[in-house]
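Below is one structure, written out as structure tokens, with a few remarks after it.
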Amino acid sequence: MSDQSGGGLRRRFHLLWNRPEGREAVIDGVRAIAVLWVILLHVFFFHFGTFPDQVLAVFNGAATKWILQGLLGVDLFFVISGYLIGTILLREHRASGSISMRRFYARRFLRLIPVYCVVMLLAAPLLQDIPPTAFLKEVSPSGNVEYAWANLLYVNNLLSIEHQYMPWCWSLAIEEQFYLIAPIFLLLVLGRGRRALLWMGLLLLASSAIRYGVCVTNDFVPPLEARPSEAEWTKQFDVIYDKLHVRFGGLLAGMMGAYVALHHLEQLKRWIGGPVRSTVILACCAFVFVVVACTAFTAPTFADVDPTLSQLFFAVHRDLFSVAVIVGILVACHGQGRLADGLARLLSARVLYPVAQLSYTAYLVHEVVMIWLYPMLAPALTDAGFSATATIAVDGVVAVIVTAAVCVVLFLFVEMPSMEWRGSARFRRLSGERAAP
């Protein structure tokens, strides 16, 4: 028994650090960048209650405002999630002519729920008695563990941010709500043959149109300067930020990329063309990426922009970003030339792979660590004479180290055993999956 468990642990360590054959290395790189961007944002964001002036200076600074747009890290997650899940569903449909929803949801359950439940249990005592200077104190004063049922049902984003438990998990709810609809949607559009991509494109345009309508209806006009302690901030979060109907564009863009790569690969390669066209396309994607990533919608400069134009850009920026990301991924995977090859090598860097492996757990854990750690560590550092900037930096480094350690443990003892069980005969029977002949 000990030899078997030891061998299993060594194999899991190996899988943490070494990419197996068949993995899409470029996607791993994007996933790693997404979680690192989100964590960097929160290094500053969760110091807002203690050092508001320093945090706002970073978020609105000409050279550092891209950190605030770590909000787009979630959109990166949505794009690659849509691409990967879309690929799985589309391959199954092409092979069998149908999609087994029972098998799909059973596999999703084992991938997501076990470690999610463990983190929710670990977080419960840490999110109680939150110090007044902690960001979460202003958002959800009681910790809201009594609403954990909503997380388990993936409807936590339907509650106000003031009542959400582990409120950063709204994005998980959006994904699962989308995947309740996605298999049915794919079956419908795939039955329309060559018009399938057109229908997806029209729905993507509808995503921006819906967001614009929400902005106009609720008079959301950048600059969005409300602070977390203010009612307007809560309204913006609840209405324009954490609901499926205003955030499905990234998931759909990723699914469109999967459809093109699977059903129209030769046409895609012809469209990308040779090195020159690949470089031009990537340059356009990079331009959109940088413009959106460096646009802080809290910036006072928006006060000088026509309100209608501000609302339009706010409404379309996430979908523009998502399209640029998925097109960039496709060119990196199938394009030619130095720029495409360089991007593919960068995103395939081995150092990014373990970060990608731990990304889901890191997303769950890092805010718990920061909410618990910062109120203890920051006062000790300032009392020792550290400046605000140095305190934020040290807090951030310690939080990342603690997060990484917790994530490795959870990956080895919760995530991997859960995913390994998907290959068992019992799971195949429960999920309706046919055993290999």
Side-chain angles (χ1 to χ4, degrees), residues 26-27 30 33-34 37-38 41 65-83 86 171 174-175 178 197-216 220-224 236 240-261 268 271-272 277-299 301-302 305-332 335 339 343 347:
V26 167
I27 299 298
V30 176
I33 290 170
W37 201 1
V38 169
L41 162 66
K65 56 188 175 184
W66 60 271
I67 294 175
L68 174 60
Q69 286 298 77
L71 300 167
L72 293 168
V74 174
D75 296 271
L76 287 178
F77 277 125
F78 284 167
V79 171
I80 59 177
S81 178
Y83 178 81
S171 62
I174 285 179
E175 281 203 36
F178 181 83
L197 195 60
L198 173 62
W199 281 98
M200 292 185 196
L202 290 174
L203 191 56
L204 185 61
L205 290 175
S207 168
S208 293
I210 291 169
R211 201 155 43 243
Y212 179 71
V214 171
C215 286
V216 172
F220 293 153
V221 182
L224 305 174
Q236 290 168 7
I240 199 68
Y241 193 71
D242 71 340
K243 300 295 185 289
L244 174 63
H245 63 280
V246 291
R247 294 301 295 264
F248 68 84
L251 290 155
L252 183 59
M255 198 161 279
M256 291 172 68
Y259 178 83
V260 171
L268 171 66
W271 178 75
I272 293 172
R277 188 180 294 181
S278 293
T279 300
V280 171
I281 294 171
L282 277 181
C284 292
C285 292
F287 176 77
V288 173
F289 188 102
V290 171
V291 168
V292 176
C294 293
T295 300
F297 289 96
T298 59
T301 51
F302 271 97
V305 179
D306 179 81
T308 301
L309 292 177
S310 297
Q311 288 178 316
L312 278 172
F313 186 54
F314 183 77
V316 305
H317 81 282
R318 292 189 185 281
D319 294 338
L320 287 175
F321 179 84
S322 298
V323 170
V325 168
I326 192 61
V327 172
I329 288 172
L330 293 175
V331 176
L339 190 58
L343 179 61
L347 294 174

Taking the side chain as every heavy atom from C-beta outward, state whether [X] and [Y] have any atom pair closer than 4.5 Å.
{"X": "Gln69", "Y": "Phe321", "result": "no"}
{"X": "Ile281", "Y": "Arg277", "result": "yes"}
{"X": "Val323", "Y": "Leu204", "result": "yes"}
{"X": "Tyr83", "Y": "Val325", "result": "no"}
{"X": "Lys65", "Y": "Leu68", "result": "no"}
{"X": "Ile33", "Y": "Leu347", "result": "yes"}
{"X": "Phe289", "Y": "Leu72", "result": "no"}

Which distance, rounded to the nearest 0.5 Å, do you find between the [atom1] of [X] and the [atom2] of [Y]?
{"X": "Asp75", "Y": "Leu251", "atom1": "CG", "atom2": "CG", "result": "9.0 Å"}
{"X": "Leu244", "Y": "Ile210", "atom1": "CG", "atom2": "CD1", "result": "9.0 Å"}
{"X": "Asp319", "Y": "Leu252", "atom1": "CG", "atom2": "CG", "result": "8.5 Å"}
{"X": "Leu339", "Y": "Ser278", "atom1": "CG", "atom2": "OG", "result": "9.0 Å"}
{"X": "Ser81", "Y": "Glu175", "atom1": "OG", "atom2": "CD", "result": "3.5 Å"}
{"X": "Tyr212", "Y": "Thr308", "atom1": "OH", "atom2": "OG1", "result": "5.0 Å"}

Where do [X] and [Y] come nearest, in terms of heavy atoms and distance?
{"X": "Ser322", "Y": "Gly250", "value": "OG-CA, 3.4 Å"}
{"X": "Ala34", "Y": "Leu76", "value": "CB-CB, 3.6 Å"}
{"X": "Ile240", "Y": "Cys215", "value": "CD1-SG, 4.0 Å"}
{"X": "Gly335", "Y": "Ile272", "value": "CA-CG2, 3.7 Å"}
{"X": "Gly257", "Y": "Leu330", "value": "O-CD2, 4.0 Å"}
{"X": "Val291", "Y": "Thr295", "value": "O-OG1, 2.5 Å"}

- prompt: Ring centroid separation for His317 and Phe314, is it under 6.0 angstrom?
  reply: yes

message: Checking Phe78 against Ile174 for the side-chain contact (heavy atoms from CB on, under 4.5 Å) test, could you report, in this order, the C-alpha distance in whole Å, the side-chain angles of both residues, the deciding distance, and whether it holds?
response: CA-CA 9 Å; Phe78 284 167; Ile174 285 179; 3.8 Å; yes

Heavy-atom donor-acceptor pair, [X] side chain to [Y] backbone, under 3.5 Å:
{"X": "Gln236", "Y": "Phe220", "value": "no"}
{"X": "Trp66", "Y": "Val290", "value": "no"}
{"X": "Arg247", "Y": "Tyr241", "value": "yes"}

field: Plane angle bin for Phe297 and Phe302 - parallel if under 30°, tilted between 30 and 60°, otherwise perpendicular
entry: parallel

- prompt: Taking only residues two or more places apart in sequence, or in another chain, which ones meet Asp242 in a salt bridge (charged side-chain N to carboxylate O under 4.0 Å, His left out)?
  reply: none

